[in-house]
Number of protein chains: 2
Amino acid sequence: MSAKVTIAEVAKRAGVSTMTVSRVLNNTGPVKKETAERIRAIIAELNYQPNLVARSLSSKRSMMIGIIINRVKKVFFDNYIGQIGSGITDIVQERGYRVMFFPVETDREKTSAYLDIVRSHVIDGLIILRSKTDNPHIQMLADNEVPFMLVNHKKYKKNYNFIDTENIEGTKTAMRHLYTNGHRKIAFFAGSMDETNSIDRLKAYHTAVKELRLVVNEEWVRYAEFDKQKAFEEAGKLLQCTNRPTAILASDDYMAIGAMERLQKEGLRVPQDMAVIGFDDVELASYVKPSLTTIRQPLTELGRVAAENLLNMIAGTQKSPVHKFLKLELVKRNSG
Amino acid sequence: MSAKVTIAEVAKRAGVSTMTVSRVLNNTGPVKKETAERIRAIIAELNYQPNLVARSLSSKRSMMIGIIINRVKKVFFDNYIGQIGSGITDIVQERGYRVMFFPVETDREKTSAYLDIVRSHVIDGLIILRSKTDNPHIQMLADNEVPFMLVNHKKYKKNYNFIDTENIEGTKTAMRHLYTNGHRKIAFFAGSMDETNSIDRLKAYHTAVKELRLVVNEEWVRYAEFDKQKAFEEAGKLLQCTNRPTAILASDDYMAIGAMERLQKEGLRVPQDMAVIGFDDVELASYVKPSLTTIRQPLTELGRVAAENLLNMIAGTQKSPVHKFLKLELVKRNSG
DNA sequence: TTGAAAGCGCTAACAT
DNA sequence: ATGTTAGCGCTTTCAA
């Protein structure tokens, strides 16, 4: 890499110490106007750029925010992440930070996984999307007092910060909607049971079943791990039940869509023969036929709020713990 | 951040110098077996993790690969990026590197934009998706001898490396397909004209028009900048033409879908009244109604090849320039 | 308003 | 097989 200009070089040419240059660079401490201008001119002339790594090592801050994405699916950047990531990025950049997205494989062995990038000050704070409940890294982050925010995850611990949605209420809303439409036998497609969202939604399903005095059938609860293909398969099994439900509520849109595909493949009409409702409102939801009725999560907003709180915690203007919930909204379309 | 264990601490406890610990850490140079084991035990006991930033500063490598995503759309992580990113990530992790995704705003002012992260050794190499032709940063990377690969971009310069697809052939294939289906009046929706892909596809459209001796009409070429909404609007204008085409070839799927939505909104049937063909084969393409016929780009493979070549260049086993093209494939569905 | 010294935590290069 | 020295490029701290 040619022509590496360092702060020392700039200082030398300006006839000042590196500290003065540093002050100009960071707007820290007083510098005489003319000196500052001279230095700025030289910086421009030499096209000098501070070495971020050296700066991080020395100052222990990087002005970077990391976004951890649990890489479970093959194509992990889906519209769910796209919407949340967009919200985060907006806020973070507004406040002069940069964002970096880290896909990480969920191996429970490498305990270091992403503690090291924070400890090393590669990034100043972390936003973690849809963490697993048994993720050991989170506790390490907390123990190390690393600023972090969990998105779409819930854990009431005083050094855990999260922003989640009102899953219980949302699930009930969906159930009541189906009930109103005449459904009394409702199946539920659960996501990964190691995510609090899944757990909450499943629990709420059971509660709603009781509250609405619905028929209960264990076979109607299918586990598909937020995976479209798995939902496709589980829907097949569901159709084998002697006592067939008339509606499906799925824990996310991708599962709803997978299930719907299977139903249609087997010749059923949606929603006439079986209604289907999803969760999230990803881009695909409005494109499938019939378009998907779903419980909309305000994903972009989720990202924005997470970013705001994280940055405030880093700045020290917000104290831990942050435990927030955003509202959900039923989006009525044509699938149920 | 509590209990910061450094290499010095490990060395002290092991009764050796930091260099010996460093050697154990990096498998560099010889260390007596027992010493190594003792050191490893202490590392485990103290839960020591090397400081990545200090390591980067000293060694000038970070074992990280950056992926630059031009942030033009609001939700920038779409399925196009998802597929490419997935391919990249697979290869990069296989080879012991990590990946980080950087969304960057396309402001031409900040010339530093992403040169600084490489110069600073935050990352060892860069993959850039769909760069603009007038992107000044690329030349800076080249001038600074930064290892980089452009994906879905073409530029024959000896210090530019790219992996692209055979856009010309692909476009012609699509045109011939429409021709075979009886179409003689074919419209074209061009993407952003500051991307080589768009330029190539538009050029190929014109060539095909000539080769197939088709009717020519300037109004049939619409510019929609890879934007679904813009395509929606342009399709409206297209319908105003006195001499209306019978088919649309779009430079990417999102535009094709936007156009299709408008046609359907105006009461036209696709493909009977107007055929529509896209480019890419993103996830949405198979979900829209009618499902989208498209020229499939091997997106995941594109990512894999980009990553392989980049890592080889970093390792010194691959020389610049790398100029590669992957084949395209017509995916026949129901829209044309 | 400016500078000098020290050090962030690690590894390269050269000893031994 | 191991250690010493120096330094990566910056900022912190203290002094002037």
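Below, chain A is the first sequence line, B the second, and so on; all start at residue 1.
Counting only distance, with no hydrogens or angles, the side chain of B:Asn70 and the backbone of B:Ser131 share no donor-acceptor pair below 3.5 Å. Of the possible donor and acceptor atoms, none in the side chain of B:Arg71 sits under 3.5 Å from a partner among the backbone N and O of B:Phe76.
Atom CZ of A:Arg55 and atom C1' of C:dG9 are 19 Å apart (whole Å). In this entry the distance linking NZ of A:Lys60 with C1' of C:dA6 reads 13 Å, nearest Å. Between B:Lys4 atom NZ and C:dG7 atom P there is a gap of 15 Å when expressed in whole angstrom units. Atom CG in A:Leu25 sits about 12 Å away from atom P in D:dT12, given to the nearest Å. Between the CZ atom of B:Arg23 and the C1' atom of C:dA12 there is a distance of 10 Å, rounded to whole Å. In this structure, the CG atom of B:Leu52 is 14 Å from the C1' atom of C:dT11, given to the nearest Å. Across the protein-nucleic acid pair, B:His121 atom NE2 and C:dA12 atom P stand 12 Å apart, rounded to whole Å. Rounded to an integer number of Å, the gap from B:Met19 CE to C:dC10 C1' is 10 Å.
Both B:Lys33 and B:Ser59 lie close to DNA chain D; mapped to their nearest nucleotides by heavy-atom distance, the more 5′-ward contact belongs to B:Lys33. Projected onto DNA chain D by closest heavy-atom contact, B:Lys32 and B:Leu57 fall at different nucleotides, the more 5' of which corresponds to B:Lys32. Comparing A:Ala54 and B:Arg61 along DNA chain C, the residue whose closest nucleotide (by nearest heavy atom) sits nearer the 5' end is A:Ala54.
Checking D:dC14, D:dG9, D:dT4 against the side-chain heavy atoms of A:Asn51 singles out D:dG9 as nearest. Comparing D:dC10, D:dG3, C:dT1 by their nearest atom to the side chain of A:Pro30 picks out C:dT1.
B:Ser22 has a side-chain polar atom (N or O) that falls below the 4.0 Å cut-off from OP1 or OP2 of C:dT11. The phosphate of C:dG3 (OP1 or OP2) has a side-chain N or O of A:Ser17 nearer than 4.0 angstrom. A close approach under 4.0 Å does not occur between any side-chain nitrogen or oxygen of A:Ser120 and OP1 or OP2 of C:dG9. At C:dC8, none of the side-chain N or O atoms of A:Ser58 fall inside 4.0 Å of OP1 or OP2 (strictly under the cut-off). Between B:Thr18 and D:dG3, a side-chain N or O to OP1/OP2 separation shorter than 4.0 Å is absent. At least one side-chain nitrogen or oxygen of A:Asn26 sits closer than 4.0 Å to the OP1 or OP2 atom of D:dT11.
Between B:Lys155 and B:Asp164 no salt bridge is recorded (no basic side-chain N to carboxylate O distance below 4.0 Å).
Relative orientation of the B:Phe162 and B:His323 rings is parallel, given thresholds of 30° and 60° on the angle between their planes.
B:Arg119 contributes no side-chain N or O that forms a donor-acceptor pair with the base of D:dG9 under 3.5 Å.
Residue A:Thr35 is in sugar-phosphate contact alone, with no base atom involved, counting any heavy-atom pair closer than 4.0 Å across all strands shown. Looking at heavy-atom distances under 4.0 Å, A:Val53 makes no contact with the nucleic acid at all.
The aromatic ring centroids of B:Phe77 and A:Tyr80 lie 6.0 Å or more from each other.
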Passes side-chain contact (heavy atoms from CB on, under 4.5 Å), B:Ile81 versus B:Asp78? Steps please.
CA-CA 6 Å; B:Ile81 291 172; B:Asp78 56 19; 3.7 Å; yes
